[in-house]
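First comes the structure, then the notes that go with it.
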Amino acid sequence: MSDTTPAEPVRVQVAGERPYPVVIGRGLLGDIVDELRGTRTVAIFHQPTLTETAEVVREQLADAGIDAHRIEIPDAEEGKELPVAGFCWEVLGRIGLGRQDAVISLGGGAATDLAGFVAATWMRGVRVVHIPTTLLAMVDAAVGGKTGINTDAGKNLVGSFHEPAAVFVDLATLETVPRNEIISGMAEVVKAGFIADPQILDLVEADPEAALDPAGAVLPELVRRAIQVKADVVSQDLRESSLREILNYGHTLGHAIERLEHYKWRHGAAVAVGMVFVAELARLAGRLDDATADRHRTVLSALGLPTTYDPDALPALLERMQSDKKNRSGMLRFVVLDGLAKPGRLEAPDPTLIAGAYSEVSRNNAPGSRGVFL
Ligand SMILES: NC(=O)c1ccc[n+]([C@@H]2O[C@H](COP(=O)([O-])OP(=O)(O)OC[C@H]3O[C@@H](n4cnc5c(N)ncnc54)[C@H](O)[C@@H]3O)[C@@H](O)[C@H]2O)c1
Ligand SMILES: O=C(O)C(=O)C[C@@H](O)[C@H](O)[C@H](O)COP(=O)(O)O
Ligand SMILES: [Zn+2]
C-alpha cells in the first residue's frame, strides 16, 4: 500500500444509527491517517501475509504522533477462534487501549470478522476501522458491521453487530491476492447480482476473465456495485430483522459445506454451491423460472466456481444446517428468488423438495467425491 498514487476515490455512504463511509480507491494511506488523527493508541490486527503493509500503516500512524501497534493474527479461519480473540484482548490490555482509542483490521474477511469482534467486545465496544485486502472482504465482510468467530457449535454463532467507523478499500492490495481468492470473492459479487443488481451479472457474463483481473477496469466497477448493494441493505436493517437476510443468499448450505470441509473450501466456493442449491429449490417450488435458475450454474462456472457437491453428503449437511441463524422454531428457512433481483423466503420446505434440489446439485458428481477448492 502506498500513498503516492491517489486516484479519485469513490465514497459509498452507509446510513443508519452510526453512518460511515466506504472509501474505494488506490493509495488510501493518507485518508487512513486522517481518519485516525488525534487518536492516542491504535492496534492493527493483520494476517501474516500483510506484515509489510501493516508495518507501513503503523509507521505512517506513528509519524502522525499515534502510539500504533502491529499485531499478527493466524491466517484465514484459524484466526476466527476464541483463543485468538483471547490473545487479542490480552494484547489490548497490555498496550492500554482505551475507549477513545481504535482498532484497525487489515486482511481478508477472517481478519475483519475477528478484529471487528475484538473491537465490539473490548470495553463493550471501541472504534474499528477496516482495511479489507481480499475481494471478498472488500465487497462483503468489511461492510455492514457483522463480526464474529467460529465455535464447535457452528460458523459465526458468536459475534456482534458492530459498525466500523470507516472502511478503506484500497484496490491496489488486490494485485497480490491469489487467483483462487479473487474467484472466491466473486461468488459474493455474483450473489449481489442475483439478489439486487443484475447488471453485475451482465458485466461478468460479458467477459468473465476481465471480471477477475485486478489490474483491469471491470473489477473496480463490480466492487463498487457490490458494495452499493450491501450498503443499501445494511443501511435499512443492520440487525437482520428481515431485509438483511437476503445477503445470506446461498449461505444456509454454504456454511454447512464449509463446516463439513473443516474450512478447507473457500467461503465463496461453498456459497456458490449454496446458491445453485437455493436456485433449484425455488425452481422446483415453482417460484423461479428455468432460465434464471440455470443462469446460476453458467455464471458461477464461467468464473471457475464449483456448482456441485457430493451426492452422499445431504444427511450431514442437513444436520449442520440445523444451527443456521435464520431458522425459527427449529424450522429451516432459506432465502430464495421469486425472479431475478426478487428475493423471498422459503420456510420449512418439504424434505422431498430439499432432496430433489440437492440431487440437481450433486448431479455429475461421483458419490463420496467432494472435489477440492483450496
Ligand atoms: N462479516 C460479514 O459480513 C462477512 C461477509 C462475508 C464473509 N465473511 C467471512 O469472511 C471470511 C472469508 O474472507 P476471505 O475470503 O477474505 O478469507 P481470508 O480472510 O481467509 O483471506 C483469504 C486469504 O487471502 C490472504 N490475503 C489477504 N489479503 C491478501 C493480499 N492483499 N494479498 C495476498 N494475500 C492476501 C489471507 O492471508 C488468506 O490466506 C469467512 O470467515 C466468512 O465467514 C464475513
Ligand atoms: O452481511 C450479511 O448479513 C451476510 O449475510 C453476508 C454474508 O456474505 C456473510 O458470509 C456473513 O458473515 C454471513 O452471516 P451469518 O449471519 O450467516 O453468519
Ligand atoms: Zn458470505
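Counting starts at 1 for both ligands and their atoms, following the listed order.
Without hydrogens or angle criteria, R179 side chain to L212 main chain gives no donor-acceptor distance under 3.5 Å. Counting only distance, with no hydrogens or angles, the side chain of R18 and the backbone of A15 share no donor-acceptor pair below 3.5 Å.
Residues K230 and R244 have side chains in contact (heavy-atom distance under 4.5 Å, counting atoms from C-beta outward). Inter-residue side-chain proximity for T51 and R70 is flagged as met; some heavy-atom pair is nearer than 4.5 Å. Looking only at side-chain heavy atoms (C-beta outward), E188 and H251 come within less than 4.5 Å of each other. Annotation: side chain of I66 is not in contact with side chain of V33 (no heavy-atom distance under 4.5 Å).
Considering R333, K326, R239 as possible partners of E245, the one that fulfils the salt bridge (Lys or Arg N to Asp or Glu O under 4.0 Å) test is R333. Of the candidates E181, E258, E77, E258 is the only one forming a side chain to side chain donor-acceptor pair (under 3.5 Å) with H267.
Sorted by chain and number, the heavy-atom contacts of ligand 2 below 4.0 Å come from D140, K146, N156, E188, K191, K230, R244, L247, N248, H251, H255, H267, K325. Annotation: ligand 1 has protein neighbours Q47, T49, L50, D75, A76, E77, K80, G108, G109, A110, D113, T133, T134, L136, D140, A141, K146, K155, N156, T173, T176, V177, P178, E181, E188, K230, R266, H267, each with a heavy atom less than 4.0 angstrom from the ligand.
Between T133 and L106, the shortest heavy-atom distance links the atoms CG2-CD1, 3.8 Å. Taking each heavy atom of S241 and D237 in turn, the nearest pair found is N-OD1, 2.8 Å. Of all heavy-atom pairs between W122 and W89, the closest is CZ3-O, 3.4 Å. G107 and T112 make their closest contact through O-CG2, 4.3 Å (heavy atoms, listed as atom of the first residue, atom of the second, distance).
Annotation: side-chain hydrogen bond (donor to acceptor under 3.5 Å, both in side chains) contacts of R40 (sequence neighbours excluded): D101.
Closer than 2.8 Å to the Zn ion (ligand 3) sit the protein N, O or S atoms E188 OE2, H251 NE2, H267 NE2.
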